[in-house]
Amino acid sequence: MDNKKLLLVDGMALLFRAFFATSVRKQFMINSKGTPTNAVQGFLRHFLSALESSQPSHVAVCWDMGSQTFRNEIFQDYKSNREAPPVELLPQFDLVKEVTSAFSVPNVGLSGYEADDCIGTICEQMKKDIQITVLTGDRDLLQILDDQVHVWILQKGIGNYTKYSRTVFTEKFQLDPKQLVDVKALMGDPSDGYPGVKGIGEKTATKLIQEHGDIESLLENLSTLTPSQRNKIEQDQEMMHLSRELAQIHREVPVTIDLEEAYWSGVPQTAHEMVQEHELNTVRRQLQQLEKELLEDPFAERELSR
């Protein structure tokens, strides 16, 4: 694999986290054009920190492309519990993609699918040829962990992650990553608006899949469950199957990335110009600090500017 490493970024996860980290104090960082930039600046701070931590040879950012996906077609209430984005965030959706392009990083997304599906598809396509790190705040992506696919879950602050390999996940949860889908089938996901089996929470769902392996085996052995568990599953069996379908990351989305376009050789001049144009002062200071570190350590294995 020639030490090639791909960093795949869940763009919307970073953008939303960055927005709400500052919007609670009404710190929207509005530039002279009247455009709020707090989410974009926070996104870039996370992005640059991840670049420094992961030292990738290739980078791409995946995005949700609209609020409606194929999951809404099979379950109308999917994510219907989520509020509309705040008005201060709306102009930053397009701006963050422009900024990403200015960093010479491909934007990837397809209407009808979530960023998770695009990430899962790219990992499936490329994991035999390149080591992949996925940066996200969404634990659903843990299901795609593989020998060559690691997932970093954002934690509070910049540059703080819980880092999962397939081995780490298995040791921590006593599950194979793909079994997470069966756990979600039972417990549901309140944040995404699907219930799973009413009355079965994460602890019980995890225990049942640890013991039975998957939903099919569980259904074949309902007689071994407690009467309460058996009744709940029998009553909500249809929703259980639907919840599993909603939880499953689709890995055959018609998207791909060109490794030549995704090659990362450092921050281009166009990025500096974009940061200057939109008065992204926090990011400018971070770039200056990174370049200062490079000057102090000229043998560092990174090229932050070209």
Side-chain angles (χ1 to χ4, degrees), residues 1-15 17-18 31 33 35 37 39-65 91-110 115 118-119 121-123 125-127 129-136 152 154 158-159 253 255-295 297-298 300-306:
M1 273 174 275
D2 301 323
N3 294 319
K4 291 190 296 185
K5 295 192 295 183
L6 170 64
L7 175 64
L8 273 182
V9 178
D10 182 352
M12 212 62 81
L14 271 64
L15 189 72
R17 176 179 287 264
N31 64 20
K33 299 177 182 179
T35 304
T37 62
V40 174
Q41 296 209 61
F43 166 86
L44 285 174
R45 291 188 68 200
H46 283 297
F47 177 69
L48 291 171
S49 294
L51 286 172
E52 191 173 23
S53 296
S54 62
Q55 295 292 312
S57 58
H58 298 77
V59 188
V61 181
C62 295
W63 300 98
D64 297 333
M65 302 297 287
Q92 300 188 66
F93 288 135
D94 288 335
L95 178 57
V96 72
K97 295 183 183 70
E98 293 175 18
V99 170
T100 300
S101 294
F103 274 78
S104 295
V105 172
N107 289 301
V108 181
L110 186 65
C118 296
I119 290 171
T121 296
I122 292 169
C123 288
Q125 292 170 350
M126 309 190 75
K127 64 185 180 182
D129 302 314
I130 192 168
Q131 182 180 331
I132 303 172
T133 296
V134 175
L135 178 65
T136 183
W152 291 6
L154 293 163
I158 303 295
V253 179
V255 297
T256 188
I257 61 171
D258 184 330
L259 280 183
E260 185 175 340
E261 293 181 2
Y263 180 72
W264 176 255
S265 61
V267 180
Q269 183 59 33
T270 51
H272 288 283
E273 293 169 358
M274 180 69 79
V275 167
Q276 183 71 27
E277 177 187 350
H278 291 282
E279 303 162 25
L280 307 178
N281 298 326
T282 303
V283 176
R284 185 169 65 243
R285 289 192 293 271
Q286 186 176 4
L287 286 175
Q288 290 171 345
Q289 179 61 33
L290 291 175
E291 290 176 337
K292 179 182 177 183
E293 292 173 3
L294 181 61
L295 289 173
D297 184 9
E301 293 183 4
R302 62 177 181 269
E303 184 184 352
L304 293 168
S305 185
R306 70 174 189 265

To the nearest 0.5 Å, what is the distance between [atom1] ([X]) and [atom2] ([Y])?
X    : Y    : atom1 : atom2 : value
L14  : L135 : CG    : CG    : 5.0 Å
L280 : R285 : CG    : CZ    : 11.0 Å
Q289 : L48  : CD    : CG    : 12.5 Å
T100 : F43  : OG1   : CZ    : 4.0 Å
H58  : E261 : NE2   : CD    : 11.0 Å
L259 : D129 : CG    : CG    : 8.0 Å

- Step-by-step side chain to side chain contact (heavy atoms under 4.5 Å, CB included) determination, L6 to I257: CA-CA 11 Å; L6 170 64; I257 61 171; 3.9 Å; yes
- Message: Less than 4.5 Å apart, side chain to side chain, heavy atoms only: is that true for S49 and Q286?
- Response: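 Yes, side chains in contact.
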- Please examine the side chains of L51 and V267, heavy atoms only from C-beta on, and report whether any two atoms are closer than 4.5 Å.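 Not in contact.
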Say whether, by atom type as modelled, one donor and one acceptor occur between the side chain of [X] and the main chain of [Y] under 3.5 angstrom.
X    : Y    : answer
E273 : A102 : no
K5   : S54  : yes
T282 : Q41  : no
Q92  : V40  : yes
E279 : N31  : no

How close do [X] and [Y] get, counting heavy atoms only, and between which atoms?
X    : Y    : result
L110 : M65  : N-CG, 3.4 Å
A39  : A18  : O-CB, 3.5 Å
D64  : A115 : OD1-N, 2.7 Å
K97  : N107 : O-ND2, 3.0 Å

- Item | V108 and its side-chain contact (heavy atoms from CB on, under 4.5 Å) partner, picked from V61, L8, I122 |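 The residue from V61, L8, I122 that satisfies side-chain contact (heavy atoms from CB on, under 4.5 Å) with V108 turns out to be I122.
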- Relative to each other, are the rings of F103 and W264 parallel, tilted or perpendicular (30° and 60° limits)?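 F103 and W264: parallel rings.
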